Visitor: 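Below you will find the structure I want to go over with you.
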Amino acid sequence: MPSISRSQEQKLDNLNEGSKTSNKSLNRKHWILQQRRSLPIASVERRLVDEVRKNDTIIIVGETGSGKTTQLPQYLFNAGFCRDGKVIGITQPRRVAAVTVAKRVAEECDAQLGQKVGYAIRFDDATSTSTRIKYMTDGLLLREALLDPILSRYSVIIIDEAHERTVHTDVLLGLLKKVQDARLKQHKLDKPYINNVVKVDNECHSSNMKFAPLKLIIMSASLDAKGFSEYFCGAKAVYVQGRQYPVDILYTYQPEPDYVDATLITIFQIHLDDSPGDILAFLTGQEEIELVDMLVHERLKQLPERSRNILTVPIYSSLPSEQQMNVFRPTPSNFRKVILATNIAETSVTIPGVKYVIDPGVVKSRYYNPVTGMESLIIMPISKAQALQRSGRAGREGPGKCFRLYPESEFWKLIDSTVPEIKRCSLSNVVLQLKALGFNDIIGFDFMDKPSRSAIKQSLQELYLLGALTDDCKLSDPVGIQMARFPLDPIYSKALILSGEFRCLEEMLIVVAMLSVESIFYSPREKLEESVVIIYEMALLYSSPPVVFYCKARSAWKKFSSPDGDHLTLVTVFRAAVEYREKIRAATNKEKAIDKSLSRWCRDNFINNRSLKHALDVHSQIKVYLEQMDMSLSSCGDDVLQFRRCLTASFFLNAAEKQPDGSYRVKANGQNVQIHPSSVLFRTKPECIIFTELIQTNQIYVRNISRAWMPELSQYYDVER
DNA sequence: GAGCACTGC
């Protein structure tokens, strides 16, 4: 079954390049060859190949449009780096990028996708034993390293978009440095490297195989190669020119007190004074986008008829993909498109036709407090690198303009580049992965940017409490080893392992899959408005408080809700969806028809289709892992108590007790929290709860809550504090 | 009685 992003990307392809069904394939080939030759990187092909031959590690700084991602792997292939069945691996931070680039390169090589050129992302592997150029997500390569610690099948690994510094990229950088060392030592000793390779699946694993040194190429779009070069012991950096049109940068004279208002003014200023061309405005979130959208239309009414030719298009990640696609529709003639976007338009989505960029200089970003383990989203200033990335969006197709809604002096005060993710997220998963890869000394691990000691210690402690680590801080056998194998949050992995003992693995697997995805319940705005009208009419009719009629979505969800809490509610939703799908499958075997039918079921029940599909994918993936570990899918049936016991035992760290004022106190650290109003237990307010999410917004909320099973809990908290 | 930047295994 194709994943969502793949179909999304296919639509993108069609929209961007038009129909590919042309029978003039010769012309197409000729055109592709010309395109390839005209890329800036083409002129330095020989030099690049020489540098890779001479150096084990090089850094390539290439601006957008240089062609480095598509061309370099082909140059290396042609230069013989895939001899003896070796593979060139290229990592990307995003799934869509891995797929689109692989398709493009396969076409350039005149090969069928999945043969010489392929890609591998979670839930979707388009590679074969003949694949020599393999695009993949960086997280997937990390997973591969767990099975083959010296990545023996690869002759070259290219880390693309390294400047983005995702957690996965950072862990990979550290790991690859070690892999290089290990392979170099083995190469010099001239004897087979002994390791715990689990998966032996192709010809390059013959027993007396010698491993050539691993070539490592770090590709970055940012201008500071220094950091990477220093990290890799003075590795050589090569600069490749990009293909970018000039962008005029304009600043304000004074700081703007209200960037939303300033954005609005700028949109109209461009619209009335500047030449034709679409506008891309960066905002921080859905709410802000909807507000600006509304305000633009309000102010348009004040303009003369002939100036009202503005078309607004919002785009943010939780928007259904059909609506996201609206940004690619051609603008009607005489109209100016105004794209109101979050950070999604900074890297993930490239929108054609943009000539003007409006950059208020802020971003909503996740902040993690390692002491409290609490995550919150805060609006903060962007970095210089981000500002450059944003302004670059105006110069893709011709000269452009970027309006920075702050004075130039403020720009120079911005930090150079965004703080790497590894320094601002929970490290439990990173630590578990590194332990599984054989790195015991986490504090001493050679990170490019070291996370704080306290964050590492916090994760070590959590993993110890979950039973993943022994008293001397080593990975425990079998619990720790099993936990590291699951592509899940460590606490969810632990819940799965425990639920085998409690004989409710079937239920816990569903819960874990549902908790691993974005919110399952979805209430579109227009539906809410519809319900507001109903409330209003009802209130007039009955002159009573209209709370009962608050939301249609609510009543749709009611049939799923469980008195025991949100977790069993999720189980009911999942089972209802699967049951419905099977019913449809019995009537038709066309996957498309089944998909469509399930989408309709989701819409009728106010369920987020994308999230549900994702949960189904996670569910089937984890099921395979469980089967490999010989864990049988036991169900507790109607014995809800058994499930509550298991949930309590798994998430005892997340237990909270009711206080006299109706708030809750987290038993593990004494923190005061509230039940989120979206919970089915919001009104019930049980004495003691187990939660699986803690978030800070206007208040500190716990979400996804179930009633705790007190006798089980008392085993963990015997002394009342 | 509330509010969801963006990725990824």
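No hydrogens, no waters, no symmetry mates; every other heavy atom, side chains included, goes into these values. Remember, it's a predicted structure, so these values are computed and weren't measured experimentally. In what follows, chains carry the letters A, B, and so on, assigned in the order in which the sequence lines appear, proteins first and then strands, with residues in each chain numbered from 1.
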Visitor: Check whether any side-chain nitrogen or oxygen of A/Ser365 sits under 4.0 Å from OP1 or OP2 of B/dC6, and answer yes or no.
Guide: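 For A/Ser365, the contact criterion (side-chain N or O under 4.0 Å from OP1 or OP2 of B/dC6) is not met.
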Visitor: Would you classify A/Phe486 as touching base, sugar-phosphate or nothing, given that sugar-phosphate means primed atoms plus P, OP1 and OP2, and contacts are heavy atoms under 4.0 Å?
Guide: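 No contact at all - A/Phe486 keeps every heavy atom at 4.0 Å or more from the nucleic acid.
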Visitor: Ignoring hydrogens and geometry beyond distance, is a side-chain donor-acceptor pair present between A/Lys559 and A/Asn605 at under 3.5 Å?
Guide: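 Present: a donor and an acceptor within the cut-off.
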Visitor: Going by the glycosidic torsion and a 90 degree boundary from 0, is the base of B/dC6 oriented syn or anti?
Guide: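 For B/dC6, whose glycosidic angle is more than 90° from 0, the conformation is anti.
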Visitor: Out of B/dC6, B/dG1, B/dC9, which nucleotide sits closest to the side chain of A/Arg122?
Guide: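 Among B/dC6, B/dG1, B/dC9, the one nearest the side chain of A/Arg122 is B/dC9.
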Visitor: Quick check for you: among B/dG1, B/dG8, B/dC6, whose closest atom lies nearest to any side-chain atom of A/His168?
Guide: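 Between B/dG1, B/dG8, B/dC6, the one nearest the side chain of A/His168 would be B/dG8.
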Visitor: Of A/Gln286, A/Glu287, A/Glu288, which meets side chain to side chain donor-acceptor pair (under 3.5 Å) against A/Thr284?
Guide: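 Running side chain to side chain donor-acceptor pair (under 3.5 Å) over A/Gln286, A/Glu287, A/Glu288 with A/Thr284 returns exactly one hit, A/Glu288.
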Visitor: Could you work out which one of B/dC9, B/dA5, B/dA2 sits closest to the side chain of A/Leu377?
Guide: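 Nearest to the side chain of A/Leu377 among the choices is B/dA5.
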Visitor: A/Ser519 near the nucleic acid: base, sugar-phosphate alone, or nothing, with a heavy-atom cut-off under 4.0 Å?
Guide: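 Nothing, no heavy atom under 4.0 Å.
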Visitor: Output the rounded distance in Å from NE2 (A/His614) to C1' (B/dT7).
Guide: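 Value for this atom pair: 11 Å.
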Visitor: Which nucleotide in the set B/dA2, B/dG1, B/dC9 lies at the smallest distance from any side-chain heavy atom of A/Pro487?
Guide: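 Shortest atom-to-atom distance from the side chain points to B/dC9.
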Visitor: Can you figure out which of B/dG3, B/dA5, B/dT7 approaches the side chain of A/Arg94 most closely?
Guide: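 Looking only at side-chain atoms, A/Arg94 lies closest to B/dT7.
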Visitor: Mind checking whether A/Phe574 and A/His619 have ring centres under 6.0 Å apart?
Guide: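 Yes, the ring centres sit under 6.0 Å apart.
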Visitor: Can you tell which of B/dA2, B/dT7, B/dG3 lies closest to the side chain of A/Thr697?
Guide: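 Nearest listed nucleotide: B/dG3.
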Visitor: At under 4.0 Å between heavy atoms, what does A/Thr342 touch on the DNA or RNA strands: base, sugar-phosphate, or nothing?
Guide: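 Sugar-phosphate, backbone atoms only, no base.
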Visitor: Using the ring of A/Phe682 (Phe, Tyr or Trp, six-membered ring only), decide whether A/Lys685 places NZ or CZ under 6.0 Å from its centre and within 45 degrees of its axis.
Guide: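 Judged by the rule, A/Lys685 and A/Phe682 form a cation-pi pair.
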Visitor: B/dT7 C1' sits how many Å from A/Asn429 CG, rounded?
Guide: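 The answer, rounded to whole Å, is 14 Å.
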Visitor: To the nearest Å, how far apart are A/Ile491 CD1 and B/dC9 P?
Guide: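 It is 22 Å, rounded to the nearest whole Å.
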Visitor: In whole Å, what is the span from the CG atom of A/Leu319 to the P atom of B/dC4?
Guide: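 After rounding, the gap between these two atoms is 17 Å.
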Visitor: Mind checking A/Arg143 for me? I need base, sugar-phosphate or nothing, with any heavy atom below 4.0 Å counting as a touch.
Guide: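 Base contact.
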Visitor: For A/Tyr368, is the NZ or CZ atom of A/Arg424 found under 6.0 angstrom from the centre of its six-membered ring and inside 45 degrees of the ring axis?
Guide: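 The answer is no, since A/Arg424 fails at least one limit relative to A/Tyr368.
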Visitor: Distance check needed: B/dA2 C1' versus A/Gln674 CD, whole Å only.
Guide: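 Spelled out: CD on A/Gln674 to C1' on B/dA2 is 12 Å.
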Visitor: Kindly point out which of B/dC4, B/dT7, B/dG3 is positioned nearest to the side chain of A/Glu421?
Guide: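 Closest of the options to the side chain of A/Glu421: B/dT7.
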Visitor: By nearest nucleotide on DNA chain B, pick out whichever of A/Pro93 and A/Val363 is the more 5' one.
Guide: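 Checking each residue's closest nucleotide, the 5'-ward one belongs to A/Val363.
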Visitor: With a cut-off of less than 4.0 Å, is there a side-chain N or O of A/Arg366 near OP1 or OP2 of B/dT7?
Guide: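 False: A/Arg366 side-chain N/O out of range (4.0 Å or more) of B/dT7 OP1/OP2.
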Visitor: Identify which nucleotide among B/dA2, B/dC6, B/dC9 has an atom closest to any side-chain atom of A/Ser317, counting heavy atoms from C-beta outward.
Guide: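 It is B/dC6.
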Visitor: Rounded to the nearest angstrom, tell me the gap between atom CZ in A/Arg165 and atom C1' in B/dC6.
Guide: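 Roughly 17 Å, once rounded to whole Å.
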Visitor: Please state how far atom CZ in A/Arg390 lies from atom P in B/dC6, giving the value in whole angstrom units.
Guide: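 Value for this atom pair: 12 Å.
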Visitor: Does the plane of the ring in A/Phe123 sit parallel, tilted or perpendicular to the ring in A/His614? Use 30° and 60° as the thresholds.
Guide: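 Ring orientation of A/Phe123 relative to A/His614: perpendicular.
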Visitor: What is the distance, rounded to the nearest whole Å, between atom CG of A/Leu681 and atom P of B/dG1?
Guide: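 It is 17 Å, rounded to the nearest whole Å.
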Visitor: Can you figure out which of B/dC6, B/dA5, B/dC9 approaches the side chain of A/Ile344 most closely?
Guide: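 Between B/dC6, B/dA5, B/dC9, the one nearest the side chain of A/Ile344 would be B/dC6.
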